[in-house]
Structure formats: C-alpha cells, structure tokens
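A short worksheet on the structure shown next.
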Amino acid sequence: VIFRWWKISLRNEFREARPGEIKESHQDFLDDSSLQIQIAIVFGAKVLEHVLNLCRGNYDFLERLPVPLLLYIISFLELEDIARLSQVSHRFKMICNSNTLWESIVESLCDTITPEMRELAQEMGWKQFFFTNRLQLQLQLRRRRQKHAEKEKLP
C-alpha cells in the first residue's frame with residue numbers, strides 16, 4: 001500500500017516541501033490503526049473500507065464493472081435472478097430497475113412494439129410496462145388515443 005501526499009501552503013517554510021510517501025505491506029497497513037484513522041479522516045470511511053477490503057484480498061470485480069457491460073450481462077438472466085440481484089446493493093438495485101434494462105427485456109420478449117406502445121412505456125416506465133397485463137395496457141392505450149383525439153379537436 002502506497003500513500004502519497006503533498007503539502008499546499010503559502011508559508012515560506014513549506015515552499016520547498018517535497019511530497020511525502022508511506023509504503024507499507026498489506027498486513028502492516030491492516031495492523032496500523034493510526035494510519036487507518038488518518039485515511040478515514042482525510043478520505044472518508046468508504047475509502048478506508050475499500051482499502052481494507054483490498055488489503056484483505058476481498059475484491060468485488062462485478063461491482064466495479066461499467067454499467068453498460070453490467071446491463072448486457074444482466075439481460076441474459078432470468079427475471080427471478082434479476083429480482084435477487086437487485087437486492088445485492090444500491091448500485092445493482094438502480095441497474096436492475098433501470099429503464100434501459102427493462103426496455104431491452106421488453107424488446108427481446110415482445111414480437112412488435114408500436115410507436116404508441118413505446119411512448120406509453122417511456123411514460124410509465126419500461127418495468128411497469130412489462131408487468132402490466134395486456135388488458136390494462138390496451139385500456140391505457142385506448143385512453144391515450146382518446147386524449148390525443150380530444151387535444152386535436154381543441155382550437
């Protein structure tokens with residue numbers, strides 16, 4: 001573990017200060033509670049927790065993948081698995097409930113999506129659109145058509 005720092009100051013005595021550096025093995029860092037406290041104060045508890053996990057060998061590569069790649073991977077899962085994955089973390093909850101994911105799911109499972117259906121899905125959310133039964137969708141589409149017809153009649 002290597003930590004580097006720089007002193008930024010207007011004082012003359014610090015003008016020639018060189019960057020500082022601490023090099024410790026993973027185990028030394030795990031045993032150095034004073035350095036851990038300093039890291040938590042400067043960088044916050046989340047950064048400290050991340051560094052501690054790295055030093056312990058607890059890597060969560062899946063959590064660090066970019067969202068587009070995760071969306072692609074998740075799109076191959078069964079619906080029950082997506083529901084379980086959404087409970088893993090806040091990040092996965094956001095991704096598993098995203099319109100982008102559910103739009104791709106709807107597009108892969110439905111034969112045709114009319115522009116009117118697409119507009120309704122974007123309005124109500126793709127996940128909600130997916131789980132709404134066909135009769136309710138037909139009713140909502142009919143209501144939308146009526147509203148559009150009424151707006152066109154207004155001067």
Side-chain angles (χ1 to χ4, degrees), residues 1-8 17-145 147-148 151:
V1 180
I2 301 172
F3 289 101
R4 294 186 176 105
W5 68 88
W6 294 263
K7 275 194 177 175
I8 300 172
R18 299 279 177 237
E21 182 176 273
I22 294 177
K23 292 183 181 181
E24 291 192 356
S25 70
H26 290 175
Q27 190 57 48
D28 289 342
F29 179 76
L30 290 171
D31 295 337
D32 191 346
S33 61
S34 65
L35 181 57
Q36 292 175 23
I37 291 169
Q38 291 174 16
I39 298 301
I41 290 169
V42 174
F43 297 106
K46 285 188 175 186
V47 170
L48 174 61
E49 188 62 32
H50 177 67
V51 173
L52 289 171
N53 281 328
L54 290 175
C55 289
R56 292 179 186 127
N58 300 332
Y59 306 113
D60 188 358
F61 293 112
L62 188 60
E63 185 77 30
R64 304 228 173 271
L65 289 176
V67 172
L69 181 56
L70 285 171
L71 286 168
Y72 179 73
I73 293 168
I74 294 169
S75 70
F76 291 100
L77 297 177
E78 297 293 327
L79 296 178
E80 296 83 16
D81 297 327
I82 293 173
R84 285 188 200 104
L85 183 61
S86 73
Q87 298 171 351
V88 168
S89 69
H90 179 70
R91 182 172 190 231
F92 280 113
K93 181 179 180 179
M94 299 299 291
I95 293 169
C96 290
N97 290 315
S98 71
N99 271 329
T100 307
L101 175 65
W102 286 97
E103 181 178 3
S104 70
I105 290 171
V106 169
E107 287 176 347
S108 68
L109 295 176
C110 293
D111 295 333
T112 58
I113 300 173
T114 66
E116 189 178 37
M117 291 169 65
R118 182 173 297 282
E119 191 177 313
L120 177 63
Q122 288 170 344
E123 203 174 276
M124 70 188 305
W126 283 94
K127 184 177 180 182
Q128 181 68 36
F129 180 83
F130 178 81
F131 285 108
T132 303
N133 71 39
R134 289 184 182 199
L135 291 175
Q136 289 176 332
L137 284 176
Q138 289 173 351
L139 179 62
Q140 289 183 16
L141 288 170
R142 190 175 313 125
R143 287 179 185 159
R144 287 176 54 82
R145 286 185 202 121
K147 284 182 185 177
H148 286 297
K151 284 181 184 179

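Excluded from the calculations below are hydrogen atoms, water molecules and symmetry mates; all remaining heavy atoms, backbone and side chain alike, are included. In this chain, residues are counted from 1 in sequence order. The shown structure was predicted, so the numbers you read here are calculated from the model rather than taken from an experiment.
Taking Trp126 as the reference, Phe129 meet the ring-ring contact (aromatic ring centres under 6.0 Å, His included) condition, with sequence neighbours excluded. Under the rule for a salt bridge (charged side-chain N to carboxylate O under 4.0 Å, His left out), Glu24 has no partner lying at least two apart in sequence or in another chain. Residues satisfying the side-chain contact (heavy atoms from CB on, under 4.5 Å) test with Cys55, not counting sequence neighbours, are Val1, His26, Phe29, Leu30, Val51. Ser33 is linked by a side-chain hydrogen bond (donor to acceptor under 3.5 Å, both in side chains) to nothing, counting only residues two or more places apart in sequence or in another chain. Scanning for salt bridge (charged side-chain N to carboxylate O under 4.0 Å, His left out) contacts around Lys147 gives an empty result, with sequence neighbours left out. By the side-chain contact (heavy atoms from CB on, under 4.5 Å) test, Glu107 pairs with Glu103, Ile113, Arg118, sequence neighbours left out. Under the salt bridge (charged side-chain N to carboxylate O under 4.0 Å, His left out) criterion, Glu78 pairs with no residue at all, not counting sequence neighbours. For the ring-ring contact (aromatic ring centres under 6.0 Å, His included) test, residues two or more places apart in sequence or in another chain that qualify with Tyr72 are Phe76. Listed by chain and residue number, Leu71, Arg91, Ile95 satisfy the side-chain contact (heavy atoms from CB on, under 4.5 Å) test with Val67 (two or more places apart in sequence, or in another chain). Judged as a salt bridge (charged side-chain N to carboxylate O under 4.0 Å, His left out), and not counting sequence neighbours, the contacts of Arg84 are Asp81.
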Practice problem: Go through the steps to decide whether Leu120 and Met117 satisfy the test side-chain contact (heavy atoms from CB on, under 4.5 Å), and finish with yes or no. | Solution: CA-CA 5 Å; Leu120 177 63; Met117 291 169 65; 5.7 Å; no
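Contacts classified as salt bridge (charged side-chain N to carboxylate O under 4.0 Å, His left out) and involving residues 36-57 (residues at least two apart or in different chains) are not found. Sequence neighbours left out, not one pair with a member in residues 78-97 passes ring-ring contact (aromatic ring centres under 6.0 Å, His included).
The structure places CZ of Phe130 at 4.5 Å from CG of Leu79, a figure rounded to the nearest 0.5 Å. To the nearest 0.5 angstrom, Ser98 atom OG is 7.5 Å from Ile74 atom CD1. Rounded to the nearest 0.5 Å, atoms CD1 (Ile39) and CG (Leu52) are 9.5 Å apart. One finds the OG1 atom of Thr132 at 12.5 Å from the CD atom of Gln138 (value rounded to the nearest 0.5 Å). Rounded to the nearest 0.5 Å, atoms CG (Leu101) and CG (Leu85) are 9.5 Å apart.
With a 4.5 Å cut-off on side-chain heavy atoms, Leu65 and Ile73 count as touching. Leu62 is not listed as a side-chain neighbour of Val88, based on a closest heavy-atom distance of 4.5 Å or more. Leu135 has its side chain out of reach of Leu139: every pair of non-hydrogen atoms, C-beta onward, lies at least 4.5 Å apart.
The shortest heavy-atom contact between Lys127 and Asn97 is NZ-OD1, 2.5 Å. Here the closest non-hydrogen pair linking Leu137 and Met124 is CD2-SD, 4.2 Å. A pairwise comparison of heavy atoms in Ser86 and Ala83 identifies OG-O, 2.6 Å as the closest pair. For the residue pair Ile82 and Cys96, the shortest heavy atom distance occurs at O-SG, 3.7 Å.
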